[in-house]
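Below is one structure, written out as structure tokens; the observations come after it.
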Protein chains: 2
Amino acid sequence: MAGERASATGDPGAAPVRRMRRAERREQILDAATRAFARAGYAATGLDDVAAEAGITRVILYRHFESKADMYRAVLDRACLRLIETVGVDDFDENAIPALLRAAAADPDGFRLLFHHAAREPEFRELTDSITAASRDTARRNLAKLIPSGPWLDWAAELIPTVSVEAVIAWLDAGTPDPATAADRISRAIDGVIRAARS
Amino acid sequence: MAGERASATGDPGAAPVRRMRRAERREQILDAATRAFARAGYAATGLDDVAAEAGITRVILYRHFESKADMYRAVLDRACLRLIETVGVDDFDENAIPALLRAAAADPDGFRLLFHHAAREPEFRELTDSITAASRDTARRNLAKLIPSGPWLDWAAELIPTVSVEAVIAWLDAGTPDPATAADRISRAIDGVIRAARS
DNA sequence: AGCGTTGTTTACATCGGGATATACAAAGCT
DNA sequence: AGCTTTGTATATCCCGATGTAAACAACGCT
């Protein structure tokens, strides 16, 4: 199946077979791996799945990555990097949500992978912890003006980043309709949660 | 570690070692398995983890369950059952949230397992699909009066059950403070999301 | 007291997937 | 043309986890 693209049979009249340079192939593998891992997470995804998704053999993967874990880290690192360079770490202002939407639209599989899988994989949580901890702390800092410290502040500080992310994912699931409208609605939804959080 | 409770050495002065009857042990295994699986999901949790959590040997597990998958299904089935018999399937009224809180407090690990792991495991999604689909449809039915059908209705119908669940889990994380207050806040948070969903 | 149940320990069979090595074929630059 | 790069195919090692088997020990009901 993977072999029929660049077959070793040398059948004439085949497609040009444009091969990739190393860096290019690496990126393509990372794309494919992101898609593959986004379906079922690290443990439940085999290297064969990744190879098939990339349209190459499993052996090639090892010419670019030391191991499965190494590859997964590379996938996660790239997804984190992309996210952070689109959305600042400490943003809680009015353009945070539009930025989040842009990031999710630019790399939907990476977005889902980070928040729906990596965040629940103890072995790799360190990679997403920086993001989640930062957003939780930012939320807490802003909420501290409105809510007395205690369990309900904890609750709100934990819930609001989660709701933001889930709202964005629901937006992806709904087919990414008009981003401006989405940003408006999500912002107001979060306002609603904040208002509810003040007793 | 497991052996020192009911040691085969027969050392005198040991604890009474109260053995369990079959059904009782099965429930205890299910409890332990729920805790173990709730940490990292199906694939990343070994039978040794489950056995250690239950304080028994791995061999005993096979006297109660055919296989790992069989055991996991039993765990998920029980968690689903408990959830459904505490929270009706089609509830969207004012006592739905209190019921959800009661269910989560009664079986926090099962609750987390269902919504944070099982829901993302393709092989077992069928078991949670009935719940998620039902709650999404219920939400959609109620929202249809307020929102014209289209992507934004889809968005809201998907988001609201998610927010409800995540709000409950955040409440668990915050140490389950006053359930009545929690119910009130969560209800108002959801109202906020609904209000935001009507353009 | 005796027998079935519950449990332990040890050893082993099995299997899938990760990881490695080698040989070979075609692409494509120089 | 020739060498390097990129890719395929195949074979194999290795390890951890699932799953099985057998012998033995103690609880607890009758």
Side-chain angles (χ1 to χ4, degrees), chain A residues 1-29 32-33 36-37 40-75 123, chain B residues 1-29 32-33 36-37 40-75 123:
Chain A
M1 22 185 65
E4 76 189 13
R5 202 182 100 282
S7 171
T9 61
D11 52 5
V17 196
R18 276 290 298 163
R19 287 197 176 170
M20 298 179 180
R21 290 251 219 349
R22 183 170 177 78
E24 187 186 2
R25 174 61 79 183
R26 185 189 158 93
E27 286 303 300
Q28 190 246 350
I29 290 176
F37 284 126
Y42 179 74
T45 304
L47 289 180
D48 287 315
D49 299 314
V50 176
E53 183 74 34
I56 57 175
T57 316
R58 215 180 69 244
V59 180
I60 288 287
L61 299 178
Y62 286 97
R63 299 217 193 150
H64 294 268
F65 305 97
E66 287 285 324
S67 66
K68 186 188 179 186
D70 179 45
M71 186 177 75
Y72 194 60
R73 280 176 204 284
V75 168
E123 193 180 347
Chain B
M1 22 183 62
E4 75 190 13
R5 203 183 98 281
S7 171
T9 60
D11 53 20
V17 195
R18 277 291 298 163
R19 288 196 175 170
M20 297 179 180
R21 291 254 218 347
R22 184 170 176 81
E24 185 187 3
R25 173 62 80 183
R26 186 188 158 94
E27 285 304 300
Q28 189 245 351
I29 291 177
F37 284 125
Y42 179 73
T45 305
L47 290 179
D48 286 315
D49 299 314
V50 176
E53 184 74 34
I56 58 176
T57 314
R58 213 182 70 239
V59 179
I60 287 289
L61 298 178
Y62 286 97
R63 302 239 256 249
H64 294 268
F65 304 96
E66 287 285 324
S67 65
K68 185 188 178 185
D70 178 46
M71 186 176 75
Y72 194 60
R73 280 176 203 283
V75 167
E123 194 181 347

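Predicted model only: the values in this text are computed from it and were never measured. Quick note on labels: first sequence line is chain A, next is B, and so on, each numbered from 1.
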Cation over ring face, B:K68 and B:Y62, 6.0 Å, 45°: no

A:R26 side, atom CZ; A:R63 side, atom CZ - distance, nearest 0.5 Å: 15.5 Å

C:dG7 phosphate, OP1 or OP2, under 4.0 Å from B:T57 side-chain N/O: no

Length of the CG-C1' vector between A:L61 and D:dT8, whole Å: 13 Å

Minimum heavy-atom distance between A:A32 and A:E53, given as atom pair plus value: O-CG, 3.4 Å

Which atom of B:F37 lies closest to which atom of B:T45, heavy atoms considered: CD2-CB, 3.6 Å

B:R25 vs C:dG7: side-chain N/O to OP1/OP2 distance below 4.0 Å: yes

Whole-Å distance separating the CZ atom of B:R26 from the P atom of C:dT5: 18 Å

Where protein sits on nucleotides 13-18 of chain C, one letter per nucleotide: B base, S sugar-phosphate only, - none, heavy atoms under 4.0 Å: -----B

Rounded interatomic separation in angstrom, taking CG from B:D70 and P from D:dG19: 10 Å

Atom-pair distance (CD1 on A:I60; P on D:dT8), nearest Å: 5 Å

Approximate separation, where rounding is to 0.5 Å, of B:L61 CG and B:I56 CD1: 4.5 Å

Parallel, tilted or perpendicular: rings of B:Y72 and B:Y42 (30°, 60°): tilted

Any B:R63 side-chain nitrogen or oxygen under 4.0 Å from OP1 or OP2 of C:dT5: no

Spacing of B:F65 atom CZ relative to D:dT20 atom C1', expressed in whole Å: 18 Å

Closest contact, heavy atoms only, B:H64 versus B:R25: NE2-CG, 3.6 Å

Nucleotide D:dC27, atom P - distance to CD of B:E24 in whole Å: 16 Å

Heavy-atom closest contact (B:A33 atom, B:M71 atom, distance): CB-CE, 4.3 Å

Whole angstrom value for the distance that separates C1' of C:dA26 from CD1 of A:I56: 17 Å

Where A:A43 and B:A44 come nearest, the two heavy atoms and their spacing: CB-N, 4.3 Å

Net bend of the helix from C:dA1-D:dT30 to C:dT30-D:dA1, end axes of five pairs each, nearest 10 degrees: 20°

Residue closer to the 5' end of DNA chain C, B:H64 versus B:V59 (nearest nucleotide): B:H64

Whole-Å gap separating P (D:dT6) and CD (A:E27): 15 Å

